[in-house]
Amino acid sequence: MFYPCVYLFAMWDGYRDALILSNQNVSSYQFLPFVLSAYLSTIGLIYSDLGIFHITFGPVFQPLISIAIGLTIGFLIQRWLIQKEHST
């Protein structure tokens, strides 16, 4: 059940290293989408027998759907925080 968190940490680490090697700016909020999707995928795995809107996707597809939702919300929060930081 904890493997999605380890997998998403490896994705974030690779993404961060790629940004550093390509001399791009590394934001202090770069971790947000990956952390949020790691938490949501673990919660999606725990509650995979309940499903979403009473549609059961199983222990494989429910965490994948949760990862997509977590990445989307995480990137939106990251964009909002960066805009807020630049406006002040």
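As the structure is a prediction and not an experimental result, all values here were calculated from the model.
- Leu32 is connected to Ile82 through a chain of hydrophobic side-chain contacts under 4.5 Å among Ile, Leu, Val, Met, Phe, Trp and Tyr, so both are in one cluster.
- Within a 6.0 Å radius of OH in Tyr39, no more than 12 heavy atoms belonging to other residues, nucleotides or ligands are found.
- Within 6.0 Å of OH on Tyr7 lie no more than 12 heavy atoms contributed by other residues, nucleotides or ligands.
- With rounding to the nearest 0.5 Å, the separation of OH in Tyr29 from CD in Glu85 is 4.5 Å.
- One hydrophobic cluster, built from ILVMFWY side chains closer than 4.5 Å, cannot hold both Val35 and Leu76; they sit in different ones.
- Here CD1 of Ile67 is found 4.5 Å from OG of Ser41. Values are rounded to the nearest 0.5 Å.
- The distance from the CD atom of Gln83 to the CD atom of Gln78 is 11.0 Å, given to the nearest 0.5 Å.
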*After noting the C-alpha distance and the side-chain angles of Gln30 and Leu19, does the key distance pass the side chain to side chain contact (heavy atoms under 4.5 Å, CB included) rule?*
CA-CA 10 Å; Gln30 222 46 56; Leu19 287 178; 3.9 Å; yes

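- Between atom CG of residue Leu71 and atom CZ of residue Phe34 there is a gap of 6.5 Å, rounded to the nearest 0.5 Å.
- The shortest heavy-atom contact between Leu40 and Ser66 is O-CB, 3.2 Å.
- When all heavy atoms are compared, the tightest approach of Cys5 to Thr42 is SG-OG1, 3.2 Å.
- Between Leu45 atom CG and Leu64 atom CG the span is 10.5 Å, to the nearest 0.5 Å.
- Heavy atoms only, all atoms of each residue included: Pro63 and Gly58 are closest at CD-O, 4.0 Å.
- Taking each heavy atom of Phe31 and Ser28 in turn, the nearest pair found is CE2-O, 3.1 Å.
- Contact between Arg16 and Asp13 at its shortest, heavy atoms only, is NH2-OD1, 2.6 Å.
- In the hydrophobic clustering of ILVMFWY residues, with side-chain heavy atoms under 4.5 Å counting as a link, Leu81 and Phe75 come out together.
- Of all heavy-atom pairs spanning Thr56 and Ser48, the tightest one is CG2-O, 3.5 Å.
- Between Trp12 and Tyr15, the gap from one ring centroid to the other reaches at least 6.0 Å.
- For the atom pair Lys84 NZ and Ile77 CD1, the distance stands at 12.0 Å (nearest 0.5 Å).
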